[in-house]
Structures are given as C-alpha cells and as structure tokens.
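Comments concern the structure below.
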Amino acid sequence: MARKVFVSYKYSDSLVQDLGIYEDSIFGKIKITTTARHYVDEISEHLTGDDHIYKGENDDESMENLADSSISSKLGDKIFDSSVTAVLISKGMKKPFTSEKDQWIPWEVSYSLKKQTRLGRTSSTNGVIAVVLPDENGSYEYYITRDSECNCSQLNTPFLFQILKENMFNVKEPNRRACNGSWVYSGDSSYIQSVKWSNFIANPTKYIDKAIELRDKKDDFNIVKTIK
C-alpha cells in the first residue's frame, strides 16, 4: 500500500558518506559535495507507484522571527496528509549553540506526532522512523555500535534531539534484561525505531510499513509530542 512520507533532515549537513554525485557544466562533469539532501533524492527514487515524498525545510528558511502559529501553519501544510515521517539521523544534524526550539527537526517530529485538524478533517499521529545515515567515513558508529558481550546494538540516544530520544525505549511494558549495568531491550521497545541507511534503502517499504504497524499500536507507548 502506498504511503505519503514526510522526510525531516538537516538540508546542508555534509558529514555524510559521499554518494559520488556529478553535475554537467561547460567545463565537463563537476563533483558535487554530498549532503543529507541528496539522500532524500535516493529515497524518492526507491519509492515507486503512488508513494509521495514531502521534503523538509530548506536551510535558508530561518525560524528566528517566526511565531509558533506561523511554524504550525507551515508544518501543517506539509505534514497533514502524510502518514509516515522519516527522520534522517546525520552526524551534523544539530546546529551547535542553538536551542532545539529554534531548529526545524524537533518541530517536524512534534507536529508529526500530534493530531491536527484542518478544514474539518483530523489527521492521525504519524508513524516515525529514524533512518541513520553513514558519516563521512562511511561509519554508523557515531550513533550505532555493537556490544558483543551483551549481544546487542547500542544506540547513542543522548546524541539526538530530546523529542527523538524520549520516543525511544518508551514501550509501557518492556521486555528487557540486565547486562553490565544497563538494560538490553527485545521486541518493539521504541515507538521511533532506528535503522541503518543501508538496510532501509534496500527495502524502504518494509520499514515504512513497520512504522505504520507501530502507529496502530501507539497506545502501547509513552509518546512525547512536545519540545522541551
């Protein structure tokens, strides 16, 4: 079944793996610096049929002088008709020394999780998936590492925006075990699940459908919808 997908990402983040993109010019082919934006193009190419991609804000769209009502209107127009939000996790996704309330991604996640009413219609909470992009060295270890002793993957959730972090490992009745002073979770422990880019792009429909499955079980999770 086709899904309308909103993609939230840091437009100009170049701390991502090079995709080998070239553009034609009067001087021949010129190599283009790969950014998170180019990964959105890859998603668009891999979704077929009636799937739709709603792209996030451009870097030149400043929030500095926008009232909350203006932000709501802009995001409502983009997110209202979507059923899934894919958040691209990238090494440079955060603006340093900038409040999370002054960055687009937290707002986009917040509005994706809220019900909205527009012109007499009410939208449902979106399913949300965190798609982790490889860094400039082709590594995911800035966020995902393997713990062989506990036989699990570890997520560096403190790296994330708070609203993403709080919607992970938030199932009300967790299936977990202790290992080396930490909890190891099994099953669907997070409303927002994390997936490596390489796995996602190999079968995007699988992970989009999973996000919808979790949305339909949203009452099983303690979902945080506001930015702190």
Side-chain angles (χ1 to χ4, degrees), residues 1 3-9 68 72 75-76 79-89 93-94 99-101 103-117 121-132 140 142-197 199-200 203-228:
M1 179 179 178
R3 306 291 185 184
K4 293 183 179 180
V5 181
F6 177 83
V7 184
S8 178
Y9 62 102
D68 285 358
S72 174
L75 294 181
I79 296 173
F80 183 81
D81 280 332
S82 65
S83 56
V84 174
T85 296
V87 184
L88 302 191
I89 307 300
M93 68 189 293
K94 289 183 175 181
S99 167
E100 294 194 4
K101 289 188 175 182
Q103 301 187 57
W104 280 111
I105 291 176
W107 281 102
E108 289 168 344
V109 174
S110 175
Y111 276 87
S112 295
L113 293 171
K114 293 177 179 178
K115 288 186 176 182
Q116 300 182 62
T117 300
R121 294 173 55 210
T122 300
S123 69
S124 175
T125 295
N126 273 20
V128 183
I129 183 170
V131 180
V132 186
Y140 296 95
Y142 68 94
Y143 179 66
I144 301 176
T145 54
R146 185 68 187 170
D147 185 334
S148 56
E149 187 173 350
C150 292
N151 191 27
C152 67
S153 294
Q154 291 185 329
L155 303 183
N156 180 22
T157 56
F159 165 81
L160 301 173
F161 290 107
Q162 189 71 16
I163 194 169
L164 288 169
K165 175 184 175 181
E166 291 184 342
N167 286 296
M168 295 180 180
F169 305 107
N170 62 332
V171 67
K172 292 177 181 177
E173 297 182 6
N175 179 9
R176 62 188 183 182
R177 59 183 170 87
C179 183
N180 291 339
S182 299
W183 291 114
V184 177
Y185 291 79
S186 300
D188 294 330
S189 58
S190 301
Y191 185 75
I192 300 178
Q193 297 196 345
S194 301
V195 56
K196 291 181 179 179
W197 167 259
N199 293 329
F200 175 81
N203 190 356
T205 299
K206 171 184 175 180
Y207 295 99
I208 290 169
D209 287 347
K210 183 64 178 181
I212 292 294
E213 177 189 329
L214 294 175
R215 183 199 68 178
D216 293 342
K217 298 191 296 184
K218 60 182 177 295
D219 290 341
D220 293 344
F221 298 88
N222 294 308
I223 299 178
V224 175
K225 301 182 180 182
T226 56
I227 304 169
K228 296 182 180 179

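Index from 1, following the sequence.
Using modelled atom types, one side-chain atom of K172 and one backbone atom of D219 make a donor-acceptor pair closer than 3.5 Å. Judged by distance alone, with hydrogens and angles left aside, the side-chain atoms of N203 form no donor-acceptor pair with the main-chain N or O of N199 at under 3.5 Å. Put simply, the side chain of N170 gets close to the backbone of N222: a donor and an acceptor are under 3.5 Å apart. Using a distance-only test at 3.5 Å, with no hydrogens or angles considered, no donor-acceptor pair links the side chain of Q162 to the main chain of K228. Judged purely by atom type and a 3.5 angstrom limit, S82 uses its side chain to pair as donor or acceptor with the backbone of I79. Side-chain atoms of N156 come within 3.5 Å of backbone N or O of Y142 as a donor-acceptor pair. S110 contributes no side-chain N or O that, together with a main-chain N or O of P106, makes up a donor-acceptor pair within less than 3.5 Å. With hydrogens and angles ignored, the 3.5 Å screen pairs no side-chain donor or acceptor of W197 with any backbone N or O of V131.
At a threshold of 4.5 Å between non-hydrogen side-chain atoms, the residues V109 and K114 do not count as touching. Side-chain contact between W183 and P174: absent, with no pair of heavy atoms (C-beta onward) separated by less than 4.5 Å. The shortest side-chain heavy-atom distance between V195 and K206 does not fall under the 4.5 Å cut-off.
Within the model, atoms CG of D81 and NZ of K4 stand 4.5 Å from one another, a figure rounded to the nearest 0.5 Å. The CD1 atom of I163 sits 7.5 Å away from atom CD1 of I192, with the distance rounded to the nearest 0.5 Å. Rounded to the nearest 0.5 Å, atoms OG (S153) and CD1 (I144) are 6.5 Å apart. Separating the OG atom in S112 from the CH2 atom in W107 is a distance of 13.0 Å, to the nearest 0.5 Å. Here CH2 of W104 is found 10.0 Å from OH of Y111. Values are rounded to the nearest 0.5 Å. With rounding to the nearest 0.5 angstrom, the NZ atom of K165 is 5.5 Å from the OG1 atom of T157.
Taking the ring centre of Y191 as origin, the terminal cationic atom of K218 falls outside the region bounded by 6.0 Å and 45° from the ring axis.
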Please assess R146 against N151 for the test side-chain contact (heavy atoms from CB on, under 4.5 Å), listing each intermediate value before the final yes or no.
CA-CA 8 Å; R146 185 68 187 170; N151 191 27; 2.7 Å; yes
Show your working on side-chain contact (heavy atoms from CB on, under 4.5 Å) between T205 and R3 and close with a plain yes or no.
CA-CA 9 Å; T205 299; R3 306 291 185 184; over 6 Å; no
Run the side-chain contact (heavy atoms from CB on, under 4.5 Å) check on V87 and F161 step by step: do they pass?
CA-CA 11 Å; V87 184; F161 290 107; over 6 Å; no
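The two residues G127 and R215 make their nearest non-hydrogen contact at N-CD, 3.8 Å. Considering all non-hydrogen atoms of both residues, P158 and K94 come closest at O-NZ, 4.1 Å. Considering all non-hydrogen atoms of both residues, E100 and L160 come closest at OE2-O, 4.4 Å. When every heavy atom of F159 is checked against every heavy atom of I89, the shortest pair comes out as CE2-CG2, 4.0 Å. When all heavy atoms are compared, the tightest approach of K210 to D188 is NZ-OD2, 3.0 Å. Nearest heavy atoms, S83 versus I212: O-CD1, 3.7 Å.
If you run side chain to side chain contact (heavy atoms under 4.5 Å, CB included) between L113 and each of N126, T226, V128, only V128 comes through.
Taking the six-membered ring for Trp and thresholds of 30 and 60 degrees, F169 and Y185 have ring planes inclined between 30 and 60 degrees apart.
Cysteines C150 and C179 have SG atoms closer than 2.5 angstrom.
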